[in-house]
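First listed ligand is number 1; within each ligand, the first listed atom is number 1. Counting begins at 1 with the first residue of the sequence. As a basis for the values below, the full set of heavy atoms in this structure was taken, side chains included, without hydrogen atoms, waters or symmetry mates.
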Amino acid sequence: MIERRPIGIFDSGIGGLTVARAIYDLLPNESLLYFGDTAHLPYGEKSPELIRRYSSRITQHLVESGCKAIVVACNSASSNAIGAIVKAAGPNVPVIDMVTPVIRSISAEDGCQSVGLIGTRATIASGLYGETMNQLNANSTLVSRATPLLASAIEEGFFNDSIPGAVLEAYFADDSFNNIDSMILGCTHYPLVRENVQALLPKGVKVIDSPKIIAQELKRVLTENSRPYTPEHKFQVSDLTENFIFSAHYFFGSDINLEEVSFS
Ligand code: DGL
């Protein structure tokens with residue numbers, strides 16, 4: 001039985017909606033509570049301390065709102081604030097970040113030997129993708145580059161026109177991604193310009209679908225954490241007659257929740 005409490009998802013703005021949509025597609029019966037920290041974006045240009053402060057506060061808000069799991073749908077927060085987020089979530093609310101599930105998924109696949117990564121300044125500067133890759137998959141190499149203009153352009157609504165292509169062309173001009181076999185879009189805004197990225201990469205480079213991987217990880221975590229659900233039944237009547245009490249006990253036993261409700 002699926003527990004009815006919502007999944008908390010957060011990002012600095014619209015980027016996390018790419019993850020929320022993948023979760024909605026995979027787990028259509030789950031309630032979602034999305035928080036976009038639009039007052040403080042872009043996270044990618046903030047210090048780790050500020051990212052930690054914003055992320056902890058949002059996590060606290062989502063936990064107080066009854067969320068049963070937190071998805072950090074922001075690579076900048078996942079890379080710089082995961083410890084603070086896990087602490088704010090407390091021991092009973094699992095946290096899913098953007099980095100570990102993606103690197104684990106890549107490690108399990110053949111043909112991911114030379115991996116490209118683009119993300120915000122904060123994500124790339126943290127070095128967390130490289131560290132996690134070294135821990136999980138020592139055979140792959142990571143070529144990373146910060147592409148700071150991209151998330152702001154996307155947040156401003158420029159994702160169905162020529163601007164992202166021009167921005168990416170400038171960032172890819174030094175040919176550093178010429179020999180990669182796969183590419184991680186290390187910012188949740190970037191799936192919105194996935195085709196622009198693909199078009200600038202050598203043929204055959206696989207662009208990793210991070211939102212889908214995160215949704216699958218959430219499903220796994222929810223299944224692992226699912227607790228037996230105790231159904232609660234209520235029987236309400238407008239006039240609590242002896243006859244109704246007798247009949248209700250006859251059908252359901254005496255240990256039932258029976259109440260009289262009057263409408264005003
Ligand atoms: N979408 C966020 C990420 O994944 C960051 C965008 C920003 O606020 O800089 O890193």
For [atom], what is the closest protein heavy atom, and at what distance to 0.1 Å?
atom                    : answer
atom 2 (C) of ligand 1  : D11 OD1, 3.3 Å
atom 10 (O) of ligand 1 : S76 OG, 2.7 Å
atom 3 (C) of ligand 1  : N75 N, 3.3 Å

Query raised in the report: When you look at Y190 and T147, which way does the side-chain hydrogen bond (donor to acceptor under 3.5 Å, both in side chains) test go after all the steps?
Result: CA-CA 10 Å; Y190 297 177; T147 49; 2.8 Å; yes

By number and element, which atoms of ligand 1 are closer than 4.0 Å to a non-hydrogen atom of [X]?
X    : result
T120 : 5 (C), 9 (O), 10 (O)
G44  : 7 (C), 8 (O), 9 (O)
S12  : 5 (C), 6 (C), 7 (C), 8 (O)
Y43  : 7 (C), 8 (O), 9 (O)

NZ/NE/NH1/NH2 to OD/OE distance under 4.0 Å, [X] and [Y]:
X    : Y    : answer
K68  : E30  : yes
D174 : R145 : yes
E49  : R53  : no

**Report entry** Aromatic contact, F244 with F235 (centres under 6.0 Å)
**Finding:** no

Query raised in the report: Do other residues, nucleotides or ligands put more than 12 heavy atoms under 6.0 Å from the CD atom of E64?
Result: yes

Query raised in the report: For ligand 1, is there an N or O atom under 3.5 Å from any N or O atom of H189?
Result: yes

**Report entry** Any C74 heavy atom less than 4.0 Å to ligand 1
**Finding:** yes

Query raised in the report: How about Y43 and C74: do any of their side-chain heavy atoms sit closer than 4.5 Å?
Result: yes

